[in-house]
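I'd like to ask some things about the structure below.
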2 protein chains.
Amino acid sequence: MSNGSLEVMQNVSANLRQARQQQGYSQERLAERAGISRRMLVNIEAGESNASIATVDKLASALGLSFAEVVRPPPLADKGPGLPLRIWQGERADSHASLLESLAMPGMTMELWRWQLAAGDSYLAEADAPGCQELLYVLAGQLQLQLPLQQQTHVLQAGQSLAFALDQPCSYHNLGAEPCTFTKSVLMVPHQDQ
Amino acid sequence: MSNGSLEVMQNVSANLRQARQQQGYSQERLAERAGISRRMLVNIEAGESNASIATVDKLASALGLSFAEVVRPPPLADKGPGLPLRIWQGERADSHASLLESLAMPGMTMELWRWQLAAGDSYLAEADAPGCQELLYVLAGQLQLQLPLQQQTHVLQAGQSLAFALDQPCSYHNLGAEPCTFTKSVLMVPHQDQ
DNA sequence: TAGGTAAGTGCAATATAATGCACTTATTAT
DNA sequence: ATAATAAGTGCATTATATTGCACTTACCTA
């Protein structure tokens with residue numbers, strides 16, 4: 001046994017009890033169906049047991065529920081509506097890049113960038129945290145992307161897109177004679193290490 | 001220990017290993033962060049351990065994942081750290097939308113869309129799961145976005161962007177006389193319910 | 001009176017999750 | 001070659017989940 005401080009435990013406890021009562025099972029009958037002891041079910045419903053995956057799964061099956069359904073937090077009435085709702089006119093702040101939108105959520109940040117590279121220009125980006133991802137979309141011109149660690153080079157024409165991981169350095173080059181414009185959708189996860 | 005026949009176990013095993021490798025942790029460092037023994041982590045990743053809720057939760061937290069994300073069946077398109085490196089020529093096809101890129105990670109999916117609405121055209125999108133987010137960026141024309149639940153209406157000119165949550169229905173309208181083109185960066189968190 | 005069912009508690013016994021240690025096997029770098 | 005890191009195995013030990021039983025409390029019904 002352990003105290004019921006864990007959030008997941010509380011979810012399991014509440015969901016199981018609610019489903020059991022809705023389906024008209026007594027603790028004894030459900031325990032029998034699931035193939036566990038009634039004592040265990042009492043503990044779990046009381047939120048006093050750190051059950052194993054297998055035990056929770058037996059109970060879920062006996063109630064016709066999926067594992068995820070038993071584990072997930074109970075439906076919250078209505079969470080905070082919408083979010084930063086603002087219109088941003090992209091600024092041409094630094095020479096080639098402007099941040100259009102940034103959405104900060106717990107554990108991650110999603111960013112939308114607009115970039116422009118003059119003809120012949122290039123830019124080298126350092127490696128970011130593992131798990132960070134980027135989606136490119138070329139609006140106009142021609143963009144060459146190099147990923148040294150993978151020894152790969154890709155050339156994107158207007159209308160083409162590319163996805164790659166940011167846990168490596170990468171460089172952008174405009175090989176064409178026209179300015180190159182593209183968007184970057186970036187998903188950042190916090191760098192937690194050492 | 002127990003055999004790894006349980007589906008949930010296999011999910012936990014695969015998800016944990018993938019997330020750990022993506023974030024660059026060794027088994028030892030992750031076990032240390034999570035506060036469990038390396039021996040246990042080896043067993044779990046091998047699908048040979050019927051772990052407890054608390055143990056799985058410790059590992060999920062250490063990886064910055066929710067319990068549900070670790071437990072859920074892995075998304076089909078798993079790109080390792082190496083990554084998906086493909087160039088996609090957005091199709092202008094029949095309708096108004098084309099998916100440029102889709103990145104599936106454990107627990108979430110990031111998508112990049114290119115949309116086009118003819119003059120006077122509109123589109124109504126259903127509400128998505130809580131936690132899903134969208135970044136709009138208007139490339140050409142004029143776009144009106146309506147969020148009925150918030151009783152808000154926004155008009156975006158070319159070059160402007162907007163961020164909002166997708167847990168509510170929304171509608172797009174092209175009020176102008178020219179076709180409206182815009183990109184949508186969407187962050188999806190799996191809808192696990194019922 | 002009772003008699004039935006359902007839920008909760010305390011405790012010893014047992015099964016097993018979880019640990020710690022000592023290996024082995026690769027792989028990488030110096 | 002040597003050292004260092006990462007991953008996997010076997011096994012004894014410890015911690016704890018899980019069981020079974022006896023008991024209480026409450027509520028309903030004849």
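Every chain is numbered from 1, with letters handed out A, B, ... down the list of sequences.
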A:M40 CE to C:dA13 P: how many Å, rounded?
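A:M40 atom CE is separated from C:dA13 atom P by 20 Å.
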In whole angstrom, what separates A:M9's CE from D:dT16's C1'?
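Rounded to the whole Å, the gap is 12 Å.
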Taking side-chain hydrogen bond (donor to acceptor under 3.5 Å, both in side chains) as the definition, give me every residue that meets it alongside A:S13, ordered by chain and number, with sequence neighbours left out.
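side-chain hydrogen bond (donor to acceptor under 3.5 Å, both in side chains) check on A:S13 returns nothing, list empty.
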side-chain hydrogen bond (donor to acceptor under 3.5 Å, both in side chains) filter on A:R33, not counting sequence neighbours, yields A:Y25
Measure from CG on B:N43 to P on C:dA18 and round the result to the nearest Å.
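Going from CG in B:N43 over to P in C:dA18 covers 10 Å.
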A:I36 has an atom CD1; how far is it from atom C1' of C:dT14, in whole Å?
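My rounded result for the distance is 17 Å.
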Short side-chain N/O contact to D:dT16 OP1/OP2 from B:S52, under 4.0 Å
no
To the nearest angstrom, how far is A:K58 atom NZ from D:dT18 atom P?
8 Å
Among all residues two or more places apart in sequence or in another chain, which pass the side-chain hydrogen bond (donor to acceptor under 3.5 Å, both in side chains) test with A:T183?
none
Name all residues meeting the salt bridge (charged side-chain N to carboxylate O under 4.0 Å, His left out) criterion together with A:K58; count only those two or more places apart in sequence or in a different chain, and write none if there are none.
none
Using whole Å, what does the distance between atom C1' of nucleotide C:dA18 and atom CG of A:N50 come to?
11 Å
Grab the CD1-P distance between A:I53 and C:dT16 for me, whole Å please.
17 Å
Tell me every residue that passes salt bridge (charged side-chain N to carboxylate O under 4.0 Å, His left out) with A:R17, counting only those two or more places apart in sequence or in another chain.
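A:R17 satisfies salt bridge (charged side-chain N to carboxylate O under 4.0 Å, His left out) with A:E45 once adjacent residues are dropped.
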Indicate if A:Y123 and A:F164 have the same hydrophobic cluster label, given that clusters are the connected sets of ILVMFWY residues with side-chain heavy-atom separations under 4.5 angstrom.
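Per the 4.5 Å side-chain linkage, A:Y123 and A:F164 are co-clustered.
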Between the protein and nucleotides 4-9 of chain C, which nitrogen or oxygen pairs come in under 3.5 angstrom?
residue	atom	partner	partner atom	Å
C:dA7	OP1	A:R20	NH1	2.8
C:dA7	OP2	A:Q27	N	2.7
C:dG8	OP1	A:R17	NH2	2.9
C:dG8	OP2	A:R17	NH2	3.0
C:dG8	OP2	A:Q27	NE2	2.5
C:dG8	N7	A:R38	NH1	3.3
C:dG8	O6	A:R38	NH2	2.6

D:dA17 phosphate, OP1 or OP2, under 4.0 Å from A:T55 side-chain N/O:
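Checking D:dA17 against A:T55, no side-chain N or O comes under 4.0 Å of OP1 or OP2.
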